[in-house]
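Below is one structure, written out as C-alpha cells; the observations come after it.
This structure is a prediction, so every number in the text was calculated from the model and none was measured.
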Amino acid sequence: MDDVEITDVNDGDLPYEVERAPLKNQDLSSLSTTVAELLSQYGWYLLAVTMLVYLLIQHLSKRRSSQSNHSAAPQTQQDAALVATKQEAMEAARRKMQEELDAKAAIFRDTQKRQEEEKRRQKIEIWESMQQGRSYKGGTAKQATEEASSSTAGLKPKTDKKPLRSADYNPLTGQGGGSCSWRPGRRGPSTGG
C-alpha cells in the first residue's frame, strides 16, 4: 500500500475550472432568462393584474346568477298561480268530502232516533202488558198466541221420538253414521308452552 502515489493534475496555482457542456437547446435558456427578467421587473404589476382578472370573473359570475334569478321570477309567479289553483282544488275536494260526511251523519242520526223511538215504544208495550197481567216477553198479541200454541205442543208424550243412535253405532270405529271419527294421538314430544 505504500506503493501508491497521488499526483496532482493541476500543479499550478490556478483554481480548478469545471468545464461545462454546451446547452443542447439554447432557446429554452433564453426563454427562462426572459421570464426571470420579466418577473423581476414587472412582478408586482403581474400580481395586481391577476387579482383584478380574478375579481372580474367573480363579479361576472354573480351578475349572471342574479340575472338568472330575475328570469326565474316570472316562472315563480307561474308557480305561485299553479300552487293557488291546486290549493283551491284541494279546498273544493275537502268541502265536497265534508258535505258527504255531514249527509251520512244526518242519516245516521235519523236511524239512531228511529231505533231509540222503537226501543222506547217496545218498553212502553212491555210495561203496558205487565200492567194487564200478560207476559212481558211477548211484545204483541200475535206472539202471545204463538207461545200458547207452542206450550200446548210441549205437553205431548215423548213416545214418538226415534232413538238418537242406531244400535250398531260405535264411535271408536268411525262407522255407523257419525260425523266424527276417532284418530290416534300425535306422536312425538309434547309441544308445551
**Message:** Quick test of your reading: applying salt bridge (charged side-chain N to carboxylate O under 4.0 Å, His left out), list the pairs with at least one residue in residues 86-96, sequence neighbours left out, ordered by first then second residue.
**Reply:** E91-R94
**Complete:** Only one of L55, I57, L56 passes side chain to side chain contact (heavy atoms under 4.5 Å, CB included) with V53, and that residue is I57
**Asked** At their closest point, which heavy atom of L46 faces which heavy atom of T50, and how far apart are they?
**Response** O-OG1, 2.7 Å
**Request:** Go through the structure and list residues passing side-chain hydrogen bond (donor to acceptor under 3.5 Å, both in side chains) with R120, not counting sequence neighbours.
**Result:** E117
Below 3.5 Å, can you tabulate the donor-acceptor pairs from side chains in residues 100-110 to any protein atom, sequence neighbours excluded?
unit_1: D102; atom_1: OD1; unit_2: Q98; atom_2: NE2; d: 3.2

**Prompt:** Going by heavy atoms in the side chains, are R114 and T111 under 4.5 Å from each other?
**Reply:** yes
**Prompt:** How far does NE2 of H59 sit from OH of Y54, to the nearest 0.5 angstrom?
**Reply:** 14.5 Å
